[in-house]
Amino acid sequence: MKLLETLINRRRFLKATGAVAGAGVVAGGAGVVPGLTTLSHARSPAPSADTTITKNICHQCPARCGIDVYTTGGRVHAIYGTSDHPISNGKLCPKGPLGAYILYDPDRFKGPMKRTNPNKGRDQDPGFVPISWNEALDMVADRLNGLREREESHRFALLYGRGWGASCAGLLGNFGKLYGSPNVAIGHSSMCSDGSIISKKAVDGIGGYNSYDYKNANMLLMFGAGFLEAFRPYNNNMQVWGYIRGVKVPKTRITAVDVHMNTTLAGSDRALLIKPGTDGALALAIAHVILVDGLWEKAFVGDFSDGVNRFIPGETVDPDSFEEKWVKGLVEWWNAELKDRSPRWAAQVTTLYERDILATAREFGTTRPAIALYERGAHAHSNGIFNGMAIHTLNALVGSLYAKGGLAYQVGPSYGPLPVNADDYLDDWARTGGWKAQPRIDLKGHPDGYLLANNMMQEIGPNSLQGKPYKLDTIMFYLNNAIWTAPDVKAWEEALKELFVIETSPFPSETAMFADVILPDHTYLERLQDAPTYPFQGWPMTQLRVPAVKPLYDTKYFGDVLIELGKRIQGSMGEYYQALDNTENVIRHLAKGFESDPGDNGVNSFESWKEKGVWYKRVYPYRQIDGEFYEWDGQDHTRLMSADEVRGALFKTASGKFEIRSGWLEAHADWIAAKTGRDPSRLMFPIWEEPSHPGGGDLYMVTPKVALHAEGRGANLPVAIANMQPTLGGRNTIYIEINPKTARARGIPDGSRVRISSDLGAIEGYCKYYEGVRPDTLVFPMEHGHWAHGRWAKGRKPGHSGEITVNQSDRITGQCSYYTTKVRIERA
Ligand SMILES: Nc1nc2c(c(=O)[nH]1)N[C@H]1C(S)=C(S)[C@@H](COP(=O)(O)OP(=O)(O)OC[C@H]3O[C@@H](n4cnc5c(=O)[nH]c(N)nc54)[C@H](O)[C@@H]3O)O[C@H]1N2
Ligand SMILES: Nc1nc2c(c(=O)[nH]1)N[C@H]1C(S)=C(S)[C@@H](COP(=O)(O)OP(=O)(O)OC[C@H]3O[C@@H](n4cnc5c(=O)[nH]c(N)nc54)[C@H](O)[C@@H]3O)O[C@H]1N2
Ligand code: SF4
Ligand SMILES: [Mo]
């Protein structure tokens with residue numbers, strides 16, 4: 001069978017090249033195919049006398065790897081993973097060493113500038129002319145003061161993407177509160193991964209990213225997560241993989257679910273190529289089998305009072321016969337949904353084999369500890385809330401929440417307070433002004449919009465354009481390029497034509513091409529910046545970027561731009577920012593928290609933080625053991641927690657339990673039913689709902705992240721784009737993966753130029769036959785088709801998927817359904 005042969009060969013290929021067993025591979029060593037970059041494992045050489053090493057954190061993805069930056073004669077020439085850093089452990093992914101390309105990018109902005117061409121468009125030269133920082137900041141402050149005087153301060157929005165810490169994105173909330181705008185600030189989380197955060201919140205009440213104890217887990221079941229391509233923290237995942245698959249006894253079993261055979265699936269024990277948007281159906285069937293076979297963790301979940309299993313397919317169960325322990329609504333869920341969700345049913349929905357579903361369920365139900373994890377592939381669909389709830393509930397069924405070898409939530413660092421309290425500086429307008437009655441531009445939290453979402457960035461452009469609920473006036477961007485990364489990007493281009501646009505990128509981004517003023521940030525190797533870790537092992541950790549060189553150009557750290565703008569706003573807001581002074585002062589105050597709580601590596605001050613680059617404490621405060629919760633007592637997890645304490649810290653639901661019957665969704669059942677047409681008696685359970693696939697085509701379009709892709713901001717790294725490797729790719733050509741059957745039926749030869757179109761438009765690229773992609777799906781990475789962002793980024797094929805991605809979101813989580821649009825393909 002050709003498909004099987006190809007996949008087996010591919011696995012051998014990956015094994016031989018080390019792309020699978022990440023740890024222990026020497027980049028460029030024997031057996032490495034040229035162009036296939038693997039984990040950098042090189043030892044950092046001893047520095048020469050005129051070399052300085054500064055600590056920093058990689059900027060290319062949210063893994064937040066600690067790096068040692070080598071500077072000799074004032075030039076950065078090497079970047080290695082920091083050895084005593086818990087995430088990088090002296091290693092980096094292929095993007096980590098590329099920072100010098102960012103610092104020395106010849107297309108960087110050299111200082112503040114203003115636009116002279118009033119016309120905006122892709123074909124318009126902005127006509128930027130240099131101005132001084134004073135002029136630039138005054139220009140923006142005048143505008144903001146003017147809006148405030150006209151009582152229209154809500155028409156100023158500040159959008160941010162990859163915020164790093166308390167000295168940048170962490171300052172934004174107070175700015176909004178003091179200035180008086182509900183739209184300061186709006187993050188990109190709904191375009192990123194709110195689908196996982198909010199589907200977990202629905203059942204466990206937390207609403208954060210999980211931390212995972214992989215090293216003690218014996219099975220991982222992954223849904224739509226690029227564990228060896230993207231899932232956070234990427235570099236550490238590869239190290240974990242090397243350990244759990246190569247060293248640990250017993251080897252951790254892995255089943256991975258995706259729509260194409262990527263590196264993760266190729267390296268797993270079981271690879272399931274699922275129909276897009278149907279992961280929830282698979283999870284429901286797994287839960288069905290766990291209950292029918294009596295495999296649930298009784299100490300955590302509870303049991304039938306008489307110990308006799310009454311979960312029989314198709315038959316309802318008397319809820320009174322079951323005594324629930326830490327879950328709520330299990331039997332009701334069975335009766336309302338699960339009793340009919342057999343593997344045979346799921347096989348039809350997912351197109352997987354029934355025997356594979358059954359084997360996966362039995363393995364997951366009998367292997368302890370086991371973790372079910374998921375990311376964008378599973379939740380970036382209209383039914384994402386239910387897919388996520390169903391998958392997360394599997395963790396509850398096998399008792400993995402807060403358990404050894406299970407999953408928990410990240411704890412924050414022991415930061416000291418800021419030197420001043422913003423609440424002491426609110427003037428009348430800030431306190432009681434008309435802006436308080438204004439909805440947010442994205443209609444987050446609004447009954448007509450997305451009542452339950454965290455943010456709705458993808459709605460901002462279209463809403464402002466339609467004046468719904470109003471038109472913005474001024475918009476500022478920090479580490480965000482929504483005009484290119486949002487779905488239906490053309491609507492954003494029209495929207496930004498009408499607005500005064502402030503861009504802070506150091507690079508000529510698409511946003512910059514529509515900007516009226518540029519306030520360029522330092523690059524990450526030039527700035528002092530804090531960055532607490534994204535979820536990792538759960539225990540607290542925070543890091544520092546220490547400038548490796550003096551800023552090359554007349555740029556300014558975004559945090560300081562914000563403070564300088566604040567100083568120029570009339571009223572008491574200005575006094576607050578005078579007192580805050582600058583971001584170094586902020587960071588010094590954060591570090592004061594370490595004086596009474598030193599890190600495991602001895603970091604107890606600003607100076608020692610600068611020297612080591614990271615503060616951390618390898619103790620997680622809580623642990624669940626055999627259905628009881630314990631708190632760390634200074635020595636061990638021995639202090640038994642009461643049910644109230646668990647509710648306060650670990651299951652933040654009304655019942656203090658893991659709510660399979662979500663009280664949060666139930667409380668909003670009327671609104672949800674009105675907006676979605678869902679059955680109000682069932683919408684609080686993880687249920688099956690067909691995803692909706694707009695776009696008008698006949699093939700699913702999936703645009704995953706790949707190893708050398710750095711969100712939307714890596715396309716100006718010449719080495720990264722030259723080596724970028726999706727499952728299929730080559731030097732300088734990124735292919736669109738197409739199943740040969742699909743291609744031949746349309747008369748499309750291997751390697752030919754193709755056009756992909758949806759109701760929104762068309763893009764072009766080159767296709768490659770690949771048996772490892774589902775016949776109903778096209779796969780290619782997103783980070784192409786920039787029309788700006790510097791000489792290397794511009795104009796690369798394939799075109800940008802955002803141009804043909806329909807703006808559709810999950811009504812509950814607000815997650816933009818990136819992997820849901822259906823497209824057509826034809827020879828170009
Ligand atoms: N290398 C790299 N790593 C990154 C980033 C980066 O840019 N580059 N960005 C970071 C960011 S911002 C994020 S949000 C995370 C995202 O991390 P992930 O969510 O893990 O990454 P994605 O590639 O978006 O999606 C994961 C997988 O879902 C698959 N998929 C698509 N549709 C479906 C489906 O319906 N079902 C299933 N089962 N699978 C499906 C895709 O093929 C893909 O392999 O990665 C972070 N890490
Ligand atoms: N089609 C499609 N679209 C997607 C995705 C997908 O998989 N497919 N992924 C989605 C996901 S998960 C995410 S997280 C979003 C990310 O989308 P965005 O939030 O837009 O983030 P980036 O694309 O990383 O854009 C970063 C911007 O910051 C600028 N920048 C770079 N370095 C710096 C700096 O040091 N300082 C400042 N101030 N600016 C800087 C860059 O020039 C760029 O304009 O995209 C989403 N969009
Ligand atoms: S995993 Fe992310 S943070 Fe770590 S080196 Fe790679 S790109 Fe940088
Ligand atoms: Mo993201």
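Quick note: numbers below take in every heavy atom, side chains included, and nothing from hydrogens, waters or symmetry partners. When a ligand or atom number is given, it counts from 1 through the structure's own listing order.
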Validation row, ring centre Phe227 to ring centre Trp241 under 6.0 Å
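Under 6.0 Å, so yes.
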Test of ring centre spacing under 6.0 Å for Tyr70 and Tyr80:
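Yes, the ring centres sit under 6.0 Å apart.
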Residue and atom names of protein N/O/S atoms that fall under 2.8 Å from atom 8 (Fe) of ligand 3
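Result, waters dropped: Cys58 SG.
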Tell me whether the count of non-hydrogen atoms from other residues, nucleotides or ligands lying under 6.0 Å of OH in Tyr101 goes above 12.
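No, the 6.0 Å shell around OH holds no more than 12 heavy atoms from other groups.
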Kindly write out the residues that satisfy salt bridge (charged side-chain N to carboxylate O under 4.0 Å, His left out) with Glu375, not counting sequence neighbours, or none if the list is empty.
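If we apply the salt bridge (charged side-chain N to carboxylate O under 4.0 Å, His left out) test to Glu375, skipping adjacent residues, the hits are Arg232.
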For ligand 1, the residues whose heavy atoms come within less than 4.0 Å (ordered by chain, then number):
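Correct list: Pro62, Lys95, Arg162, Cys192, Ser193, Gly224, Ala225, Gly226, Glu229, Ala230, Phe231, Arg232, Val257, Asp258, Val259, His260, Asn262, Ile274, Pro276, Gly277, Asp279, Glu375, Arg376, Gly377, His381, Val702, Pro704, Lys705, Val706, Ala707, His709, Ala710, Glu711, Tyr819.
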Between Trp484 and His789, is a ring-ring contact (aromatic ring centres under 6.0 Å, His included) present by the stated rule, with each step listed?
CA-CA 10 Å; Trp484 191 78; His789 221 288; 8.0 Å; no
For Ser190, enumerate each residue passing the side chain to side chain donor-acceptor pair (under 3.5 Å) test, keeping only those at least two apart in sequence or located in another chain.
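If we apply the side chain to side chain donor-acceptor pair (under 3.5 Å) test to Ser190, skipping adjacent residues, the hits are Gln458.
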Heavy-atom closest pair, residues Tyr770 and Val773:
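Looks like O-CG1, 3.2 Å.
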Between Arg527 and Asp521 (salt bridge meaning N to carboxylate O under 4.0 Å), is one present in this structure?
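A salt bridge links Arg527 with Asp521.
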With Asp68 as reference, evaluate Lys91, Lys55, Lys612 under the salt bridge (charged side-chain N to carboxylate O under 4.0 Å, His left out) test and give the passing residue.
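The option that passes is Lys55.
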